[in-house]
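Working notes, beginning with the structure itself.
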Amino acid sequence: MTESAGTTVAPRFPAETDRDYAMLIDGEWVGPGERDTFPCVDPYEDQPWGRIPVATADDVDRAVRAARRAFDEGGWPQTPAVVRAAMLRRLADLIEQHADELARIQIHENGKLIGEMTGGAHFLATHARFVAGLAETMGAASTQGVPGYTTYTVREPLGVVAAITPWNSPLTLLSWKLFPALAAGCTIVIKPSEVTPTSTLRLAELCVEAGFPAGVVNVVTGFGQPTGAALAGHPGVDKIAFTGSTAAGKAMLAAAGPRIGRVTLELGGKSPNIVFGDADLDNAVHGVMAGIFAATGQTCMGGSRVLVEDSVYDEFVERLSAAANRLTMGDPLDPSVDVGPVACRNQFERVLQYIQIGQGEGAKITAGGARDNTPQTAHGLFVQPTVFTGVDNSSRLAQEEIFGPVASVIRFSGEDEATRLANDVDFGLAAAVWTENVARAHRMVKRLRAGTVWVNTYRVVHYAVPFGGFKQSGLGRELGIDALDPYTEVKSVWIDEGNRQTFGRR
């Protein structure tokens, strides 16, 4: 409860959210029992709620074995594609019916803004329907083989998938894995972030209601140790689908290596937003802010390195800093708020530490730079939208992923220097070019080492367009018309049209 002018105000979320939650294993809901539990924390109120079980190694083993049985013996891979597609469409209908609820659960967990989360929740339904269509079109393909033989290829489901998902966009990033895995005929064990487990559990309830058989969808909750490590290292897992930090992604590769497990990784970024002197500066300022301050900077594709050409550097810095200082911070349920809280205390402290690091490296703060302490934010985990100027591209501020509302502005002169600075980083997830010169835009798109390049826009994604990174930003692609491919194996078939083997014949 909160109080204002002596008046008691109703809770921001239903009281029933503060309860015991259960995992989904082999079609059964498994509550805390004797297990350890942990709470969610609302980052706006900085208050704990709910009790979520910590899955043991035995729980993980049971979940993987259930997924294994559903795949090897339960007939899920042999279920006709039209049936799998129908279940996905039923799930889409249920998501649409409960979109507002799913949005608010995620806000209660991670503090993202209501406008973004509500739109994203409704978008999940459309995404599920798109993937359902892919399921119906996946099949055999004829090939031009050797004369005397009929040859073709088929795609078959890969097996048991371990989906390990982050806290910043829990259901959106889960859907990138869950929908194509189910459409392809795989079974899945999901381990959501300990920051945002309850939204995934609610989506799992909708999967059960949509008719997915026991063992096809499983959810285990807990931390990286022991839960995540037990899942990633389980010999019954055929594929790991992971979104998170680059350091954790390397651990996923190491876990899958001994069994040659398949892996897709969507990892960190330190993406350049490149503003040329001929750019529409009003548009560029708004785009840069959307790239790093929307979602409180808690996005892998955040445009955290702002490269600005000499001729407009001073003007751009002035405009960006002034605009950042005007952003409204507060309750993420308020549609008028521009920037919400950081999702959890560990991340909050990490962001503030990086601001200190930037100051220690000699960069200058021209906006923000501290915890926000207004009456609307003092009780929560709020960091002011922060702009650093005079940043050296080799500094920690410019090279390490902060995952918060911190922009590092770097000066450049000409396309060659812009390209060198943009590519001089271990990451390669995304980039943007701001220019009114069409030829320059095309040149820069070709030269930038990034999985996604936007021109005069930023942070736009769609389920029909592939997403993934170069270099240490990831491995493989999600979304797009080939979204099912990472969840399948290709089998080549040769049929003799009448030839007879001659080896050993007399």
Side-chain angles (χ1 to χ4, degrees), residues 268-277 279 281-299 302-329 338-339 342 347-374 377 381-414 417-427 431-434 458:
K270 197 70 181 176
S271 301
N273 238 324
I274 307 169
V275 182
F276 284 96
L281 289 191
D282 283 339
N283 189 42
V285 166
H286 288 295
V288 166
M289 288 206 301
I292 189 57
F293 299 141
T296 321
Q298 299 169 122
T299 171
S304 53
R305 289 187 301 144
V306 185
L307 279 55
V308 183
E309 196 161 25
D310 276 328
S311 60
V312 293
Y313 181 90
D314 291 337
E315 181 183 358
F316 186 87
V317 166
E318 182 178 351
R319 290 194 190 193
L320 177 63
S321 301
N325 284 327
R326 288 195 298 268
L327 292 172
T328 302
M329 307 187 74
D338 299 310
V339 180
V342 176
Q347 188 61 26
F348 171 73
E349 293 173 353
R350 173 184 170 89
V351 174
L352 292 177
Q353 181 182 19
Y354 267 102
I355 291 173
Q356 291 180 342
I357 289 170
Q359 291 174 298
E361 291 177 329
K364 178 184 176 183
I365 294 175
T366 58
R371 176 176 187 163
D372 200 67
N373 251 338
T374 67
T377 61
L381 305 177
F382 286 85
V383 176
Q384 296 168 346
T386 299
V387 177
F388 275 99
T389 61
V391 178
D392 186 326
N393 195 59
S394 65
S395 66
R396 291 184 64 187
L397 193 66
Q399 291 290 316
E400 298 177 11
E401 185 176 39
I402 299 172
F403 222 66
V406 180
S408 299
V409 186
I410 301 168
R411 187 189 298 264
F412 75 86
S413 178
E417 186 178 21
T419 301
R420 178 181 64 79
L421 292 170
N423 291 336
D424 186 18
V425 69
D426 289 336
F427 303 102
V433 177
W434 301 87
Y458 204 92

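Treat the numbers as computed from the prediction; the structure is a model and nothing was measured.
- Side-chain N or O atoms of Thr386 include one that pairs as donor or acceptor with a backbone N or O of Gly369 at under 3.5 Å.
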Test log, rule side chain to side chain contact (heavy atoms under 4.5 Å, CB included), inputs Leu421 and Ile274: CA-CA 10 Å; Leu421 292 170; Ile274 307 169; over 6 Å; no
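- No side-chain heavy atom of Glu309 sits under 4.5 Å from any side-chain heavy atom of Phe316.
- Using a 4.5 Å heavy-atom cutoff, the side chains of Arg420 and Phe412 are not in contact.
- Closest approach of Ala431 and Ser271 over heavy atoms only: N-CB, 4.5 Å.
- In this structure, Asp392 and Glu361 have side chains that are not in contact, with every pair of non-hydrogen atoms separated by 4.5 Å or more.
- Closest approach of Ser311 to Gly277, counting heavy atoms only: OG-CA, 3.6 Å.
- For residues 313-323, the pairs satisfying salt bridge (charged side-chain N to carboxylate O under 4.0 Å, His left out) are Asp282-Arg319, Asp314-Arg411, Glu315-Arg319, with sequence neighbours left out.
- The closest side-chain heavy-atom distance from Val306 to Val387 is not below 4.5 Å.
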Residue pair Val409, Phe388: steps toward the side chain to side chain contact (heavy atoms under 4.5 Å, CB included) verdict: CA-CA 6 Å; Val409 186; Phe388 275 99; over 6 Å; no
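- Between Met289 and Asp338, every side-chain heavy-atom pair lies at or beyond the 4.5 Å cut-off.
- What you find for Val275 and Ala279 is that their closest heavy atoms are CG1-CB, 4.1 Å.
- Here the CG-NE2 distance, from Leu281 to His286, works out to 11.0 Å after rounding to the nearest 0.5 Å.
- At least one side-chain heavy atom of Val383 sits less than 4.5 Å from a side-chain heavy atom of Leu352.
- Between the side chain of Lys270 and the backbone N or O of Glu400, at least one donor-acceptor pair lies under 3.5 Å.
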From CA spacing to verdict: side chain to side chain contact (heavy atoms under 4.5 Å, CB included), Val406, Ile355: CA-CA 8 Å; Val406 180; Ile355 291 173; 4.1 Å; yes
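- Counting only distance, with no hydrogens or angles, the side chain of Tyr458 and the backbone of Asn273 share no donor-acceptor pair below 3.5 Å.
- Closest non-hydrogen pair, Ile410 versus Val391, comes out as CG1-O, 3.7 Å.
- Residues Ile402 and Leu397 meet the side-chain proximity criterion, which asks for heavy atoms closer than 4.5 Å.
- Atom-to-atom distance recorded for Thr377:OG1 and Met329:CE is 6.5 Å, nearest 0.5 angstrom.
- A distance of 9.5 Å separates CG of Asn325 from CG of Leu320, quoted to the nearest 0.5 Å.
- No side-chain donor-acceptor contact under 3.5 Å links Gln399 to the backbone of Ser394.
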Residue pair Asn393, Arg305: steps toward the side chain to side chain contact (heavy atoms under 4.5 Å, CB included) verdict: CA-CA 9 Å; Asn393 195 59; Arg305 289 187 301 144; 3.0 Å; yes
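- At least one side-chain heavy atom of Pro405 sits less than 4.5 Å from a side-chain heavy atom of Val351.
- Listed here is the closest heavy atom pair of Val339 and Phe382: O-CE2, 4.0 Å.
- To the nearest 0.5 Å, the span separating CD on Glu417 from CG on Asp310 amounts to 7.5 Å.
- Rounded to the nearest 0.5 angstrom, Phe276 CZ and Leu307 CG are separated by 9.0 Å.
- Checked by atom type and distance alone, the side chain of Arg350 never pairs as donor or acceptor with a backbone atom of Gly404 at under 3.5 Å.
- Across every non-hydrogen atom of Tyr313 and Gly390, the tightest pair is OH-N, 3.3 Å.
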